[in-house]
Amino acid sequence: MRQAGRSLPEYRALREKHSMLEIARTPELATEVSLQPVRRLGVDAAIVFADITLPLPGMGVPFELTEGVGPVIEHPVRTEADVAALRVLRPEEALPYVGETIRALRSNVPAGVDVIGFAAAPFTLASYMVEGRGSRDFARVKAMMLGAPDLWHRMMATVSASTIAYLRMQAEAGADALQLFDSWVGALGPRDYAEFVQPHTRAVFAALRGTAPLIHFGTGTATLLPLMRADGADVVSVDWRIGLGDAWSLLGPDLAIQGNLDPAALFGPWEAVRVRADEILADAAGRPGHIFNLGHGVLPGTSPDQLARLVAHVHEWRPRS
Ligand code: CP3
């Protein structure tokens with residue numbers, strides 16, 4: 001997640017010359033940036049360089065990426081007329097460059113390195129559309145859910161159909177796994193998740209079943225895991241707010257888990273990072289299907305050396321017999 005952008009000097013050097021969106025929309029540049037963390041850190045997968053907001057203009061919602069703020073939408077989606085004006089994304093027309101980048105990546109990654117395609121989960125994309133930017137309390141989103149549930153569900157249906165089309169294009173281009181980012185879903189309690197979000201997320205996973213392994217990423221989801229368990233992903237990504245063992249008891253033995261080191265822990269001394277990484281690895285030992293990862297994206301200012309050391313440590317780790 002945002003791994004290249006936050007920490008690598010070779011990414012920052014490219015950003016001196018191009019905006020983030022320019023890089024994402026230029027397959028040669030996007031391929032290069034996607035490969036940077038593989039080269040420098042030795043990670044096992046490359047995530048296509050894109051952003052969850054890229055499909056928005058193709059749905060009729062222009063946006064800008066503002067430095068230090070993130071996505072900003074000048075005309076948020078709030079009324080009947082706004083929702084009626086939304087279009088289902090046609091990814092081959094709106095963002096063919098993402099497919100091209102994935103194809104280029106597939107033929108350029110070292111043997112054994114996988115390519116991950118991704119999109120926002122319906123709730124997280126819809127929350128940007130309605131709030132107009134990142135939010136702490138999601139007051140407008142919740143006002144729409146509770147005050148105009150029909151409108152909310154219609155909007156979510158258009159978002160979901162768009163996400164399905166977008167991820168299908170990425171699978172066809174050769175993505176080895178598809179990750180759905182529900183970065184902000186932890187703002188909801190289980191009741192609202194079940195009523196306003198889960199039917200749509202389930203529809204996305206059901207439509208994509210069989211295309212590639214499916215990863216459901218969320219943060220702050222400790223109380224939602226018993227519901228997310230049945231959403232149809234193969235892998236659920238959890239953050240550091242829940243222990244891996246506890247997450248597994250809530251998700252059951254059939255799902256793989258991704259996670260869950262606190263990205264801020266990387267600012268501590270290496271010894272502390274190592275102890276935490278070992279705890280995660282020991283928790284996962286003997287279970288089928290663990291993807292070691294951070295619980296959320298790499299924070300700005302993270303030391304690339306600390307990251308590379310962590311990757312090497314995870315690769316070398318063996319359970320104690
Ligand atoms: O690791 C990578 O470089 C892969 C590419 C990637 C980006 N965004 C590029 C990016 C990925 C996987 C994302 C996903 C994304 N984008 C999510 C879901 C994952 C998560 O971290 O929760 C979300 C919520 C977004 C929306 C978004 N885009 C935010 C909140 C920001 C940060 C704003 C800031 O500067 O603090 C962005 C901008 C962004 N997208 C950057 C990058 C590399 C950083 C800014 C830049 O380089 O200009």
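The first residue of the sequence shown is numbered 1, and numbering continues consecutively from there. Read the numbers this way: they start at 1 and go in the same order the structure lists the ligands and their atoms. Note that the coordinates shown come from a computational prediction; the quantities given were computed from them, not determined experimentally.
Atom numbering of ligand 1 starts at 1 in the shown order; those under 4.0 Å from a heavy atom of His296 are 20 (C), 21 (O), 22 (O). Of all atoms in ligand 1, numbered sequentially from 1 with element shown, those under 4.0 Å from a heavy atom of Ile47 are 1 (O), 4 (C), 12 (C). If you number the atoms of ligand 1 from 1 as listed, the ones under 4.0 Å from a heavy atom of Pro71 come out as 26 (C), 27 (C), 29 (C). Counting atoms of ligand 1 from 1 in the listed order, those under 4.0 Å from a heavy atom of Gly68 are 35 (O). Listed by number with element, the atoms of ligand 1 under 4.0 angstrom from any heavy atom of Tyr128 are 24 (C), 26 (C), 30 (C).
In Ala50, the part holding a heavy atom less than 4.0 Å from any atom of ligand 1 is the backbone.
Salt bridge annotation for Arg168-Glu172: absent, with no cationic side-chain nitrogen under 4.0 angstrom from a carboxylate oxygen. By the 4.0 Å N-to-carboxylate-O rule, Glu10 lies too far from Arg15 to be salt-bridged with it. Arg106 has a carboxylate O that lies under 4.0 Å from a charged side-chain N of Asp176, or vice versa, which qualifies the two as a salt bridge. Taking a cutoff of 4.0 Å between a charged side-chain nitrogen and a carboxylate oxygen, Asp51 and Arg25 do not qualify as a salt bridge.
In summary, of the residues considered (Gln179, Met228, Gln258), a side-chain contact (heavy atoms from CB on, under 4.5 Å) with His216 occurs for Met228 alone.
Residue Arg15 places at least one N or O, backbone or side chain, under 3.5 Å from an N or O of ligand 1. Checked by distance only, ligand 1 and Glu67 stay at 3.5 Å or farther apart across all their nitrogen or oxygen atoms.
Taking a 6.0 Å sphere around CZ of Arg140, one finds it holds 12 or fewer heavy atoms contributed by other residues, nucleotides or ligands.
The aromatic ring centroids of His296 and Trp240 lie 6.0 Å or more from each other.
Taking 4.0 Å as the cut-off, Asp51 counts as a neighbour of ligand 1 on heavy-atom distance.
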